[in-house]
2 protein chains.
Amino acid sequence: MAKRRTTLRLQDVAEHAGVSIATASRSLSGASGVSEPLAERVREVAKRMGYVANLHARSLAAGTSRSVGLVVREIGDPYFTEIASGVLRVGAREGLMVQICHTGRDPRRELDQIRTLVASRVGAIVIAGSGFLDARLEAAAKAELQAYRAAGGRVAVIGRHHLGVDAVLPENAAGGRAIAEHLLALGHRRLAIATGSRALTTIADRISGVAEAFGAAGLDFTTVPQVEAEFTRAGGKEAAETILAEHPGVTAVLALNDDMAIGILSVFRSHGIAVPGRISVAGFDDVAVAQDLAPSLTTVRLPMTEMGALALELALKEPAARPRRRVAGHELVVRDSTAPPPA
Amino acid sequence: MAKRRTTLRLQDVAEHAGVSIATASRSLSGASGVSEPLAERVREVAKRMGYVANLHARSLAAGTSRSVGLVVREIGDPYFTEIASGVLRVGAREGLMVQICHTGRDPRRELDQIRTLVASRVGAIVIAGSGFLDARLEAAAKAELQAYRAAGGRVAVIGRHHLGVDAVLPENAAGGRAIAEHLLALGHRRLAIATGSRALTTIADRISGVAEAFGAAGLDFTTVPQVEAEFTRAGGKEAAETILAEHPGVTAVLALNDDMAIGILSVFRSHGIAVPGRISVAGFDDVAVAQDLAPSLTTVRLPMTEMGALALELALKEPAARPRRRVAGHELVVRDSTAPPPA
DNA sequence: AGGCTAACGGAAAGCGCTTACGAAAGCGCT
DNA sequence: AGCGCTTTCGTAAGCGCTTTCCGTTAGCCT
């Protein structure tokens with residue numbers, strides 16, 4: 001009795017179809033060199049037998065895999081979730097499997113994830129991570145990616161341009177400027193900023209945009225209090241309490257992401273502070289719930305989904321001699337949480 | 001001149017370290033049979049050379065891969081996002097790579113994704129999909145999974161029990177009963193339910209729980225209007241308009257998920273309807289923003305993250321003779337969106 | 001001190017697939 | 001009928017790793 005195999009091999013299919021392994025392989029992978037009727041017959045047999053090709057063997061032999069990797073910081077974060085859905089959309093369109101890795105805001109894990117992806121010989125890697133705060137890690141990642149590219153891998157990165165690869169850049173600075181100009185135009189002069197760690201380029205860029213707006217209006221940005229906390233709803237709450245305690249006179253709070261803005265709204269509400277009656281609140285990102293909050297949130301929309309899609313498309317293209325850059329747009333979305341300051 | 005290789009092979013490491021390939025392999029994979037000092041030295045060399053093992057080769061040779069698959073319906077949906085983070089947590093703890101596949105509410109794609117996962121010989125598969133509305137697809141998936149398990153694969157499914165595999169079940173019915181009892185206890189008698197497609201078992205279970213509560217209170221559930229729409233914020237808005245138009249007398253709306261509840265709150269607000277003053281609104285799921293809405297949302301918390309974690313743990317265990325079931329708890333979370341009906 | 005066991009290291013056989021390369025067969029042409 | 005050409009298919013050589021099976025060597029007891 002033949003040894004019982006756990007799974008079907010290509011050879012089994014070939015035998016059943018009465019062809020050689022090579023022909024079977026070519027038929028199933030759609031390569032040329034097999035007459036269409038024969039190929040069709042082989043596919044038929046394979047399907048009937050319930051054959052599923054071993055992806056590892058295939059990738060090992062072919063030296064490449066029909067999958068791409070996506071590195072995100074936190075899959076729960078709406079910012080990254082939207083990027084992921086853009087990448088997934090393009091991946092599905094191209095028949096690529098998308099491997100999502102998350103780093104959980106530990107830059108070291110980001111490096112590990114990149115290594116793992118390289119090890120599994122994915123066809124392309126899209127990185128939408130946190131940015132490396134450490135120069136050594138940054139350099140290590142860069143080296144890793146260069147080697148990967150030298151071996152034929154494709155890379156695109158979102159929101160950074162230090163890695164020497166194709167990049168999709170959100171308009172953080174322009175967006176920051178737009179939202180600040182909106183607040184300034186409404187007449188606000190005493191505002192506070194709720195921010196995450198300024199070491200992140202994303203955040204630094206947003207702040208520089210705000211500074212620009214102040215400069216353009218001939219206002220002194222250095223006097224604007226910046227309250228730093230976690231870049232989350234909880235951080236927003238913390239920042240709101242701090243602002244209330246230390247800067248009671250502000251008429252507007254600009255949160256550098258919507259999550260913080262949501263936390264801020266929640267604290268203001270529990271303190272009975274009218275928004276935008278007494279204090280205006282603005283966010284950044286335009287996460288999905290922003291429009292359904294009470295009051296709905298004035299914010300800046302960054303096309304995250306499109307950026308994710310664009311990044312993968314960029315990575316999939318023929319590699320260019322020098323890194324390409326694409327700048328995604330931004331859009332000021334004015335809703336109910338901002339109004340002129342109280343008289 | 002030696003042929004230029006694109007990537008380092010295990011052999012290169014072995015040569016540099018002055019050992020055989022077998023020894024190098026054993027050292028790196030931590031298998032026994034190598035003295036610790038030697039193994040350490042080999043690891044050192046490998047690290048210094050920047051060697052990264054080819055995962056495909058490894059998996060092919062070993063017949064298994066250090067990765068698990070997760071099938072979710074929509075990665076943007078908070079429900080699935082939380083499950084994913086639970087799975088990721090356990091995966092990270094066990095040193096497993098998690099491959100996330102999303103099906104985008106197309107059951108056919110769910111089947112495809114399962115096939116792909118099987119093909120890549122992942123060690124375990126966790127399915128948190130949409131449920132198959134089609135019996136044929138259901139049967140096909142079941143067959144596929146049985147074959148996979150026969151070949152040593154591990155499977156756990158969340159929120160379903162028809163697949164003949166280990167399952168983690170949310171307390172949808174008990175939760176539905178709890179939230180309905182809460183509304184009933186507050187004195188509401190004229191309520192409406194906003195629901196997604198009742199063909200989904202998740203939803204059907206929640207409704208049956210609500211029905212139970214009515215039965216226990218000696219009330220007639222058949223008279224309660226059920227408005228069906230998409231299980232999203234947009235669907236919630238649509239449902240809210242319908243309820244307002246067709247059932248103007250209701251004092252409470254029970255949305256069968258928080259997303260719908262958020263949409264409902266938004267519509268009520270724009271219509272100037274006080275919540276909970278005139279109408280109470282309750283949700284289901286306790287998504288992260290629920291507590292930061294205005295008013296904060298009364299809902300039922302289902303431990304999604306824990307369920308994800310539990311599912312992977314269950315899958316990773318030694319397989320049992322018959323499918324195991326774990327029921328995750330639920331918790332009624334009373335916040336500001338519900339109150340006694342207006343006098 | 002000698003023979004035994006135990007522990008370690010090396011050669012080689014695959015894992016299941018892709019893909020040169022070459023053989024065979026079919027075609028039109030002279 | 002024979003020649004070169006194209007098309008179709010089979011043979012076999014890997015892809016890079018794990019792991020079994022032995023040959024060595026070190027460690028230990030009497």
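Source: prediction; values computed, not measured. To find a chain, count down the sequence lines: A is the first, B the second, and so on, and within it residues start at 1.
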Problem set entry | A:R58 side chain, from C-beta outward: closest of C:dG9, C:dT18, D:dG10 | C:dT18
For this session: Quickly work out the B:L8 CG to D:dC15 P distance and round it to whole Å.
Result: 15 Å
Exercise. Does the D:dG16 base have a donor-acceptor partner in the side chain of A:R121 within less than 3.5 Å?
Worked result: no
For this session: Between C:dC21, C:dC17, C:dG10, spot the one nearest the side chain of A:N54, thanks.
Result: C:dC17
Exercise. Taking CD from A:Q11 and P from D:dG10, how many angstroms apart are they, rounded to a whole number?
Worked result: 13 Å
For this session: Check for a donor-acceptor pair, side chain of A:T116 on one end and backbone N or O of A:D112 on the other, with a separation under 3.5 Å.
Result: yes
Problem set entry | Exam field: side chain A:S27 to backbone A:V42, donor-acceptor pair closer than 3.5 Å | no
For this session: Please state how far atom CZ in B:R66 lies from atom P in D:dC17, giving the value in whole angstrom units.
Result: 18 Å
Exercise. When you measure from the side chain of B:D77 to the backbone N and O of B:E74, does any donor-acceptor pair fall under 3.5 Å?
Worked result: no
Exercise. Quick one: which of D:dT20, C:dG16, D:dT11 gets closest to the side chain of A:S20?
Worked result: D:dT11
For this session: Please determine, for the side chain of B:A57, which listed nucleotide (D:dC17, C:dG10, D:dC9) has the closest atom?
Result: D:dC17
For this session: Check whether any side-chain N or O of A:Q113 sits under 3.5 Å from a backbone N or O of A:H102 as a donor-acceptor pair, and report yes or no.
Result: yes
For this session: Looking only at side-chain atoms of B:A62, point me to the closest of D:dG16, D:dC9, D:dT18.
Result: D:dT18
For this session: Can you figure out which of D:dC9, C:dC17, D:dT20 approaches the side chain of A:R9 most closely?
Result: C:dC17
Exercise. Considering only D:dT18, D:dG10, C:dT18, which nucleotide approaches the side chain of B:L10 most closely?
Worked result: D:dT18
For this session: Answer whether the closest heavy-atom distance between the side chains of B:R115 and B:E144 falls below 4.5 Å.
Result: yes
Exercise. Counting any heavy atom closer than 4.0 Å, what does B:L38 reach on the DNA or RNA strands: base, sugar-phosphate only, or nothing?
Worked result: sugar-phosphate
Problem set entry | Spacing between B:L55 atom CG and D:dC15 atom C1', to the nearest angstrom | 15 Å
Problem set entry | Touch class at under 4.0 angstrom, heavy-atom based, for A:S25 against every strand present | base
Exercise. Any sub-3.5 Å donor-acceptor pair from B:S120's side-chain atoms to B:L117's backbone N or O?
Worked result: yes
For this session: Return the nearest nucleotide to the side chain of A:A61; candidates are C:dT19, D:dC15, C:dG10.
Result: D:dC15
Problem set entry | Phosphate OP1/OP2 of D:dC17: any B:Y51 side-chain N/O under 4.0 Å | yes
Problem set entry | Atom-to-atom span, CD1 of A:I21 to P of D:dG10 - whole angstrom | 11 Å
Problem set entry | OP1 or OP2 of D:dG10 under 4.0 Å from side-chain N/O of A:T23 | yes
For this session: Identify the nucleotide, in any strand shown, that forms a Watson-Crick or G-U wobble pair with D:dA1, with both distances under 3.5 Å; if there is none, say none.
Result: C:dT30
Seminar exercise, completed: Taken to the nearest whole Å, CG/A:L28 to P/D:dC9 is 14 Å
Exercise. If pairing requires Watson-Crick or G-U wobble contacts with both distances under 3.5 Å, which nucleotide is the partner of D:dT6?
Worked result: C:dA25
Problem set entry | Distance in angstrom units between A:R26 CZ and D:dC9 C1', rounded | 6 Å
For this session: By nearest nucleotide on DNA chain C, pick out whichever of B:V34 and B:L60 is the more 5' one.
Result: B:V34
